[in-house]
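This report refers to the structure that appears directly beneath it.
Just so you know, these numbers come straight off a predicted model, no measurement behind them. Sequence lines set the chain letters: A, B, ... in the order given, protein chains first and strands last, and positions in each chain run from 1.
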Amino acid sequence: MPELPEVQAVAERLRAAAPWARITGFGRFRSTTMTGGRHAVGRRIEAVDRRGKNLILRLSGGWFARVHLKMTGDLRVLPDARLRPQTVRAWFALDDGRAVVLDDPRALGRISLHPEQEEQELFRHLGPEPLGPEFTAAALLASARRTARPAKLWLMDQATVAGLGNIYAAEALFEARIDPRRPAAQLSRQRIERLHSAILRVLNSALASVRAAYERPGAFTEGEFYPVAVYGREGRPCPRCGAAVRRIPQGGRSTYYCPKCQK
DNA sequence: AGTCACCTGATT
DNA sequence: AATCAGGTGACT
C-alpha cells in the first residue's frame, strides 16, 4: 500500500479515532515485529504524526511509537481487540476495549518504542518533507548535484526527499518528462524546477485520491484508486504521446516510463 | 554502487 | 516452479 499519500491517509484516519483510551497491553507476531512494547503500557496516545513513510504515535510521558508499514502494512483501530484478523502482526489493546492494530499480510512492517529525545536521531537520514516548506527547487537541485545515481534511484532515496517510492517516483518523472535512467547530476536547473513541481502535483493529487478512496470502503481492493500514467502499465499507450510504456530494471525493481517523451 | 534478506501471497 | 510486489537496512 504505502508511500507518502497512503501513509498520510492512515495518519488522518487514526486521528479520527481520538479521543484515546489508555494502552493496557500489547501483542506481537514475533519479537522483531514490535520492540519495546512494554514502554507503551499505561500511556495514552496524544497525537498521530507522519515523517516520510513513518507514522509516529506520540504517547503521554515523553515516549513515541514509530510505525513503518513497509510494503503491505496498514495501521487502524478495531472495535474489539479479540476480533482481529490473522494478518494482524502487532497490536495495542486500549482500556475501552478497542485496539490499534498493524495489519500486514507480508509481516514486514515494524513498530518500535522510543523516548522522545531519540526522535531526531531516528529520522536523521530523512530528507525534507515534500509537502513542507524546506522542499524547494533549490534544495532539490543541490541534492542532484551531489549524486552520481540515475534520476529514479536518486528520487527514491529517502535522503533526497522523504516519502516517494516506486510508484510516485516513476509518476513524477513521467510528469516532468525526465528519463529515469538519466544521471541526476546532469539535470538542468529548468528540469529540476519541472521535477519539483511535478512531485508536488503528483503527491497532492494522489493524496486527494487516497482520501476519497478511504471514504469508500473497498476502494483499495478494487485496484485503481489513483490514476497512474505509467506505473504497472508496460506495453500500454503513454497517455501523452501514445508510445508503448516500457519497463526496465533499476536497483532490483521495475521502473516504468515512456521512451518517447521522457528524455 | 549493487545485491540480498526480510516475509507472504498473487500471478505466470 | 519461478517471478513479482507500493520498502529498507545490511551486506558485498
**Prompt:** For A:Phe174, is the NZ or CZ atom of A:Arg240 found under 6.0 angstrom from the centre of its six-membered ring and inside 45 degrees of the ring axis?
**Reply:**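 Yes, A:Arg240 and A:Phe174 form such a contact.
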
Is the phosphate of [N] approached by [X] (side-chain N or O, under 4.0 Å from OP1 or OP2)?
| X | N | result |
| --- | --- | --- |
| A:Gln158 | C:dG7 | no |
| A:His68 | C:dG7 | no |
| A:Arg253 | C:dG6 | yes |
| A:Arg110 | C:dG7 | no |
| A:Lys53 | C:dG7 | yes |

**Message:** Once hydrogens and angles are ignored, does a donor-acceptor distance under 3.5 Å link the base of C:dG6 to the side chain of A:Glu6?
**Reply:**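 Pair found.
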
**Prompt:** Does the base of C:dA5 carry an N or O that pairs as donor and acceptor with the side chain of A:Arg106 under 3.5 Å?
**Reply:**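 Counting by modelled atom types and ignoring angles, a donor-acceptor contact under 3.5 Å is found here.
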
**Prompt:** With a 4.5 Å limit on heavy-atom distance, are the side chains of A:Ile199 and A:Leu155 in contact?
**Reply:**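 A side-chain contact under 4.5 Å exists here.
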
Measure [atom1]/[X] against [atom2]/[N] and give the value in whole Å, please.
| X | N | atom1 | atom2 | value |
| --- | --- | --- | --- | --- |
| A:Leu69 | C:dT8 | CG | C1' | 13 Å |
| A:Gln250 | C:dA5 | CD | C1' | 17 Å |
| A:Leu203 | C:dG6 | CG | P | 17 Å |

**Item:** Upstream residue (5' side of DNA chain C) when A:Glu3 and A:Arg66 are each assigned their closest nucleotide
**Value:**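 The residue closer to the strand's 5' end, by nearest nucleotide, is A:Glu3.
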
**Prompt:** What is the pairing partner of C:dG6, taking Watson-Crick or G-U wobble pairs with both distances under 3.5 Å in any strand?
**Reply:**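 Matched C:dG6 with nothing under the 3.5 Å cut-off.
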
**Prompt:** So which nucleotide does B:dC7 pair with, by the Watson-Crick or G-U wobble rule with both distances under 3.5 Å?
**Reply:**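 Across all strands, not a single nucleotide pairs with B:dC7.
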
**Message:** Tell me whether A:Phe135 shares a hydrophobic cluster with A:Leu195, the cluster being built from Ile, Leu, Val, Met, Phe, Trp, Tyr side chains joined at under 4.5 Å.
**Reply:**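 They do share one cluster, since a chain of ILVMFWY contacts under 4.5 Å joins A:Phe135 to A:Leu195.
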
**Request:** Assess the side chains of A:Gln262 and A:Arg177: does a donor N or O sit below 3.5 Å from an acceptor N or O?
**Result:**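 No, no side-chain donor-acceptor contact under 3.5 Å.
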
**Asked** For A:Gly252, which contact category applies under a 4.0 Å heavy-atom criterion: base, sugar-phosphate, or nothing?
**Response**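 Nothing: the residue A:Gly252, judged by heavy atoms under 4.0 Å, touches no strand.
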
**Request:** Looking at every strand, decide which applies to A:Ser254 at a 4.0 Å heavy-atom threshold: base, sugar-phosphate, or nothing.
**Result:**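 The answer is sugar-phosphate, as A:Ser254 gets under 4.0 Å only of primed atoms, P, OP1 or OP2.
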
Nearest-Å distance once atom [atom1] is located in both [N] and [M]:
| N | M | atom1 | value |
| --- | --- | --- | --- |
| C:dG9 | B:dG9 | C1' | 23 Å |
| B:dC4 | C:dC4 | C1' | 16 Å |
| C:dT3 | B:dA5 | P | 14 Å |
| C:dT8 | B:dA10 | P | 23 Å |

**Request:** Answer yes or no: are there more than 12 heavy-atom neighbours, outside A:Arg76 itself, under 6.0 Å from its atom CZ?
**Result:**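 Yes, because the 6.0 Å sphere around CZ of A:Arg76 holds more than 12 heavy atoms from other groups.
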
